[in-house]
Q: 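Please see the structure below; I have some questions.
Residue indices begin at 1 and follow the sequence shown.
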Amino acid sequence: MRFFQSVFFILGSTLIFFASCKKVETTRINTTGNSQTQTIISSDELTLNDEFDQGVDDAIAVLCNPKITIAGADIDTSQNNIGLITIYYSGKKPDGTKGRTGSIAIQQPMKGGKPVPWGTPGTTDSIIFGTVNSPGYEILFITNNTSVRMTGTATITNVSGGLLQNITPVDSLVERIRASISFTYNDNVSIIQLYSWYLNQIRTFTKPDTIMYARTNADTTINNIKNVATWGTTRFGEVFYSSLTSPVVQNISNLSLSYNPLSGAKAIENISEPILSTYGVNKQGAAISNGLPFGFLITWINNGGQAQAIVPYYY
């Protein structure tokens with residue numbers, strides 16, 4: 001009961017925070033059918049997923065090893081006796097591409113007066129983006145001085161059991177993630193506007209050598225659209241469904257990649273001009289097999305013909 005009371009207080013505090021902070025507003029753009037609009041929609045879809053993934057993966061890493069060190073963050077385990085661990089962010093990434101502030105609280109289930117160990121197969125823990133002392137979870141992109149803030153809750157289930165630090169080249173760790181979040185950018189001057197997003201993911205962690213990879217799949221069908229991983233409302237007020245046409249693969253050991261995908265593809269559907277995003281391409285839009293990718297290729301139908309744009313990653 002104490003935990004749920006805290007959740008309601010956190011959500012209330014978050015709303016108060018947004019109402020009093022002009023920094024996190026957004027400008028609504030009403031045009032459609034152009035490269036700028038399509039780039040914003042596809043970039044939002046990628047950025048929100050990347051930053052959500054990194055926050056959740058931090059939580060999983062802490063559950064696997066509460067003594068782990070996360071750059072630019074402090075881990076509070078003082079309430080671990082009631083299954084509550086909190087990550088407080090207050091610093092830049094080592095490569096200086098972005099900074100993170102705010103917090104992520106992790107609530108473990110209790111059994112017999114003790115937290116259920118995360119390595120137990122089927123264990124489901126809750127994640128809250130923001131706490132009473134630190135509303136929301138915010139990411140500042142140093143290069144262009146923009147930021148995105150998200151609040152909300154998620155559940156993570158350890159499908160296969162096991163711990164990240166015990167993964168060998170011949171096995172993997174599988175997590176099921178479900179989330180309901182709200183987000184806003186600080187690129188505005190007038191009205192604070194929150195956008196609702198929902199995420200359903202299956203993330204598989206592997207370590208074939210010294211690098212840890214995360215592979216994202218989806219298992220949700222909405223309005224006959226299969227493999228939906230993300231859905232919600234775009235900054236243009238359109239309801240969208242993002243389905244995976246190819247699993248998204250990330251190198252989560254290399255901080256310089258900022259969680260940008262090495263490969264994978266998504267179809268952003270139900271909007272005025274549906275978009276196909278293909279990740280991990282060079283400046284010419286061709287998929288690469290090694291090295292750091294430049295960005296991703298988006299294609300869509302505009303005025304009866306196919307249009308495309310190559311969008312750089314934000315690191």
Side-chain angles (χ1 to χ4, degrees), residues 25-53 139 141 143-148 150 181-188 191 193-199 201 216 218 222-250 258-288 293-315:
E25 304 169 357
T26 193
T27 300
R28 180 165 177 165
I29 303 172
N30 294 313
T31 59
T32 59
N34 58 66
S35 180
Q36 180 185 12
T37 298
Q38 301 299 82
T39 296
I40 290 173
I41 292 173
S42 58
S43 294
D44 280 357
E45 204 282 339
L46 174 66
T47 301
L48 264 293
N49 274 281
D50 281 1
E51 300 308 331
F52 173 84
D53 288 344
I139 302 93
F141 305 112
T143 53
N144 57 14
N145 197 34
T146 63
S147 69
V148 62
M150 65 180 74
I181 66 171
S182 295
F183 79 94
T184 188
Y185 281 86
N186 72 334
D187 63 350
N188 43 36
I191 301 173
Q193 191 164 359
L194 301 178
Y195 302 90
S196 297
W197 278 44
Y198 305 90
L199 300 98
Q201 302 177 343
T216 299
I222 301 177
N223 291 344
N224 296 319
I225 300 174
K226 297 181 179 180
N227 297 318
V228 175
T230 310
W231 68 97
T233 305
T234 71
R235 282 196 275 173
F236 304 98
E238 291 186 291
V239 174
F240 77 95
Y241 307 102
S242 176
S243 63
L244 288 169
T245 60
S246 177
V248 172
V249 178
Q250 298 159 305
S258 289
Y259 264 65
N260 287 307
L262 299 175
S263 61
K266 294 177 185 174
I268 305 174
E269 304 186 55
N270 200 61
I271 58 177
S272 300
E273 295 178 354
I275 303 167
L276 176 64
S277 296
T278 303
Y279 302 115
V281 303
N282 59 22
K283 291 183 179 181
Q284 290 72 45
I288 66 171
F294 172 76
F296 61 106
L297 172 69
I298 60 173
T299 58
W300 70 97
I301 302 299
N302 184 23
N303 295 325
Q306 188 179 77
Q308 69 176 33
I310 301 168
V311 185
Y313 284 150
Y314 54 86
Y315 55 74

Q: What is the distance from atom CD of Gln250 to atom OH of Tyr279, rounded to the nearest 0.5 Å?
A: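 Answer for the CD-OH pair, Gln250 versus Tyr279, is 10.0 Å.
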Q: Tell me the closest heavy-atom pair linking Val248 and Lys266, and the distance in Å.
A: CG2-CE, 3.9 Å
Q: Taking the side chain as everything from C-beta on, heavy atoms only, tell me whether Arg235 gets closer than 4.5 Å to Tyr185.
A: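 Of all side-chain heavy-atom pairs linking Tyr185 with Arg235, at least one is under 4.5 Å.
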Q: For the side chain of Asn223 and the backbone of Ile225, is there at least one donor-acceptor N/O pair under 3.5 Å apart?
A: no
Q: What distance do Leu297 atom CG and Thr278 atom OG1 have between them, rounded to the nearest 0.5 Å?
A: 5.5 Å
Q: Determine the sole option in Ser42, Ser277, Ser35 for which the side chain to side chain contact (heavy atoms under 4.5 Å, CB included) test with Trp300 is passed.
A: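 That would be Ser35.
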Q: Return the CD1 to CD distance between Ile275 and Glu273, rounded to the nearest 0.5 Å.
A: 8.5 Å
Q: Distance check, rounded to the nearest 0.5 Å: Leu46 atom CG versus Ile41 atom CD1?
A: 14.0 Å
Q: Please tell me if the side chains of Asp44 and Phe236 come closer than 4.5 Å, counting only heavy atoms from C-beta onward.
A: no
Q: So does Pro274 get a backbone contact from the side chain of Glu269, meaning a donor-acceptor N/O pair under 3.5 Å?
A: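 It does not hold such a pair.
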Q: Verify, without hydrogens or angle tests, whether Tyr313 (side chain) and Pro261 (backbone) share a donor-acceptor contact under 3.5 angstrom.
A: yes
Q: Can you tell me how far CG of Leu48 sits from OG1 of Thr230, rounded to the nearest 0.5 angstrom?
A: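 Those atoms lie 8.5 Å apart.
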Q: Please round to the nearest 0.5 Å and tell me the distance separating atom OH of Tyr198 and atom OG1 of Thr233.
A: 7.5 Å
Q: Is the side chain of Thr184 donor-acceptor paired with the backbone N or O of Gln193 at a distance under 3.5 Å, no angle test?
A: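 Yes, Thr184 side chain to Gln193 backbone: donor-acceptor pair under 3.5 Å.
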Q: Who pairs with Asn145 by side chain to side chain donor-acceptor pair (under 3.5 Å), at least two apart in sequence or on another chain?
A: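 Expected list: none.
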Q: Going by heavy atoms in the side chains, are Phe294 and Ile288 under 4.5 Å from each other?
A: no
Q: Checking Glu238 side chain against Ser272 main chain: does a donor-acceptor pair fall under 3.5 Å?
A: yes
Q: Find out whether Pro293 and Val281 are in side-chain contact, i.e. whether some heavy atom of one side chain is under 4.5 Å from a heavy atom of the other.
A: no
Q: State, to 0.1 Å, how close Phe240 and Thr234 come at their nearest heavy-atom pair, and which atoms those are.
A: CD2-CG2, 3.7 Å
Q: Do side-chain atoms of Asn270 reach the backbone of Tyr241 as a donor and acceptor pair under 3.5 angstrom?
A: no
Q: Would you confirm whether Ser258, through its side chain, and Asn260, through its main-chain N or O, come within 3.5 Å as a donor-acceptor pair?
A: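 Not a single qualifying donor-acceptor pair exists.
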Q: Return yes if a side-chain donor-acceptor contact under 3.5 Å exists between Asp53 and Gln201, otherwise no.
A: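 There is such a pair between these side chains.
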Q: Could you check whether any side-chain heavy atom of Thr39 comes within less than 4.5 Å of a side-chain heavy atom of Ile298, counting everything from C-beta outward?
A: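 The answer is yes; the side chains approach within 4.5 Å.
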Q: Taking Ser43 for the side chain and Ile40 for the main chain, is one N or O donor matched with an acceptor at less than 3.5 Å?
A: no
Q: Indicate yes or no: at least one non-hydrogen side-chain atom of Val148 is less than 4.5 angstrom from one of Phe141.
A: yes
